[in-house]
Amino acid sequence: VSATPEIPKEDGRPKWDNKFQYILSCIGFAVGLGNVWRFPYLCQIHGGGAFLIPYFIALLFEGIPLLHLELALGQCLKKGSIGAWNTISPYLGGVGVGSWVVSILVSLYYNTVLTWVMWYLINSFQEPLPWSVCPLNENRTGFNEECYESTAVNYFWYRKTLNITPDIAESGTLQWWLILCLAACWAIVYLCTIRGIETTGKAIYVTAIFPYLVLTIFLIQGLTLPGATDGLIYLFTPNLNTLKNPRVWLDAATQIFFSLSLAFGGLIAFASYNPSKNDCEKDAVTVAIVNSMTSLYASIPVFSVLGFKATTAYWDCLDRNIINVINEFDLPEESIMRQNYTSWISFLNSSYPEKIAGLKLKSCDLQEFLDQSVSGTGLAFIVFTQAIILMPGSQAWAILFFIMLFCLGLSSMFGNIEGVFTPLLELQIISKSAPKEILSGVICLISFLIALCFTLGSGSYWIDIFDRYAGSVPLLVIAFFEVIGVVYIYKIKRFSKDVESMTGRKLNLYWQITWRFISPLLLLIVFMAFVTLQMQKPPSYPAWNPKYEGFPMKEEKVYPPWVQAICVLLAALPCVCVPLVAIFQLLKKKHRSKDPSFVPPEVFSCQGANS
Amino acid sequence: YAWDANEEYLFKAMVAFAMRRYSSKSTTQISNVLLCNVTDRVSFWFVVTDSSKNVTTVPGSEVEAAIRMNRNRINSAFLLSDKTLQFLKITSTLSPPVEPSTPVWLIVFGVVLCLIVAGIVFLIVSGIQKHKKQNKESTERENLEEKVEVTLENGIPCEALDLKAGHINGVFAADDERFTSL
């Protein structure tokens, strides 16, 4: 009997080419833009090195256990998020649906952030860099007013890139250049996810490894810049007093949670393509530790560059004052240098106090410049771009930096899209004979059309809303139900046996304790604290309004009621899936229990799938 | 370079040159330009006198206009720029940055987009080809399986059987073949 050769897809699921691809995909998903622009900021405002203490405690008791849970779940059940949770218990199907909805919402706005990165990237091929000079005004006697009052980098970001409106209620028009870049970004995502993990598995080699190369280059360059050491000392000097503030612990917990991309369903999807006999415990620990190490590693060049920028700003401030003083007192050039500036000023102040007072010299304080902490898009598109202008060979640095950001974001997008794609494949929306390319194409096309809203003038305000409400609270809720579902509904004894059959080792006491008690408790506390803090202040947003008196400071505006309703909807929609599906299943069961021919489904066991 | 009397002479000459070019009368001499209050900072006041009108000073606006017209010549004479050689009350007209006819970013964008589209087309086409090959392979395999099955079922090759119109009992035919060895 000639044996029929087995096509790898005979059992319906593609597989990873090798283990390294799988690990790299998980790391790429976890390591994203937040590692570069949120973690260093948190380190800075929460007492430098001291922040690492709550961070590592949160990693140990929240991050690693939840990560292991998701990976083990996906590997055991071999299904995406919706299918997996339906298998655990039909009442918990809502958890999978919730993850799926969150993945969709996050994919929509995350790719728009990549659009901005791409826009800056393709603008980096010019000499001089477009964000380094202000455009001239109409009669060419001076610079454009909006640009002059703020800075050239601010102008390029708010006007030339976003063309931002002063208020979220004013939608403005669609920005055609952003639409082009958005189309290109979604085309790239389609190109890479066209056949699911077959194609992302190849793309991940580039997008996951390249950022580390660039970070190393920036590290070497950053350390050679003047003022880098000031920045690093400022970042890492531990201030243990900040640990008394509960806000610090909350920030550490939320940072670990969101940084590891838990509760998106993407990790479950990735793990579901694994062979059964894979050590998911080691994988989870590896991915979590690499993610945290990357955050630390990224903060070094970021803070070297920030220190360099602060030092240059300080020197500029000094120089301006020196010019003023020299002009006023008609002293010869180069008589006052930065080093003897303070002694000169004190001498002149004692001899001609009125003149000095009349000059209105700005006080230059290096600490003040270092204190100007920014996170998020402000860090990448304003602060960093300004620092890049000051470096020699700015185009090369700009190109490297933005390609790195693009790769970081793209590898996270793979995870998000996989979290949307895999459950849809399993639900068999399209017939089995139709190729996967159509499904991924439809997903990318629909997402592109919806994401056009973010290219409006008020787009970046909406992205902030999505980031704050859709990408935060629902994840905590879903993760909580994940842990409770596995531990108390699926029963941890069953799950321990499943994990044991996969890893070959008995479940450690550490996992037992964290899964049973510590992680759910921690999630509950974090959720309560997070919601309380959000409720305390009325939801407001900083608006860029050139007509504001305090311009270039941003104007704090409150969200109008209809926007607040949308915020609540975004946060509630994924969460509400959990009880809704449970109720739906309850009603179905009641309906079915009246039907005598009904056979209850078999109890699922992970070991059964191994044979 | 140090600022000395020669540089002052050059400055006077440049101002005179500017005045001549602006008003196109060639009467302004170097002696018409007067410098005063020279400081170590290298800053000074200067006036331009008009020798034809009884030693009166030329109005400031004229001097300003003349200097504005010839600013770059004056700057290059001293190897300085608008920032390093400052004329108070004369704001320089800034030159606009060079704008190429097509913005550079559009060109880069075009290149990137072409690459992406090429990649997508390649992947889709290769996917369709693989799909066709798989379909062909699977139908071939099905045919092979049928033949193998038929062969296995009866224990003897039966292709001949399929072709003949009559109803022959293959078992007997096979037995006959086996037995007949005379």
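Side chains included, hydrogens not; waters and symmetry mates left out as well; all remaining heavy atoms used. Residue numbers begin at 1 in each chain, while the letters A, B, ... track the order of the sequences.
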To check you understand the geometry: which heavy-atom pair defines the closest contact between R195(A) and G127(B), and what is its length? NH1-CA, 3.3 Å
At a 4.5 Å cut-off on heavy atoms, which part of I120(B) comes close to chain A: side chain, backbone, both, or neither? both
Under 4.5 Å from any heavy atom of chain B, what part of I194(A) do you find: side chain, backbone, both or neither? side chain
Within the 6.0 Å centroid threshold, strictly below: W105(B) and W177(A): no
What part of S124(A) is in contact with chain B, defined as an atom under 4.5 angstrom from a non-hydrogen atom: side chain, backbone, both or neither? neither
Heavy-atom neighbours of E137(B) CD exceed 12 at 6.0 Å: yes
Evaluate whether atom CZ of F347(A) has more than 12 neighbouring non-hydrogen atoms of other residues, nucleotides or ligands under 6.0 angstrom away. no
Report the distance from atom CD1 of I116(B) to atom CG of L191(A), rounding to the nearest 0.5 Å. 7.5 Å
Nearest heavy-atom pair of F109(B) and A184(A): which atoms, and what distance? CE1-CB, 3.7 Å
Name the region of L180(A), side chain, backbone, both or neither, that has any atom closer than 4.5 Å to a heavy atom of chain B. both
Quick one, L123(B) and E437(A) - any side-chain contact, counting heavy atoms below 4.5 Å? no
Y190(A) portion near chain B, given a 4.5 angstrom heavy-atom threshold: side chain
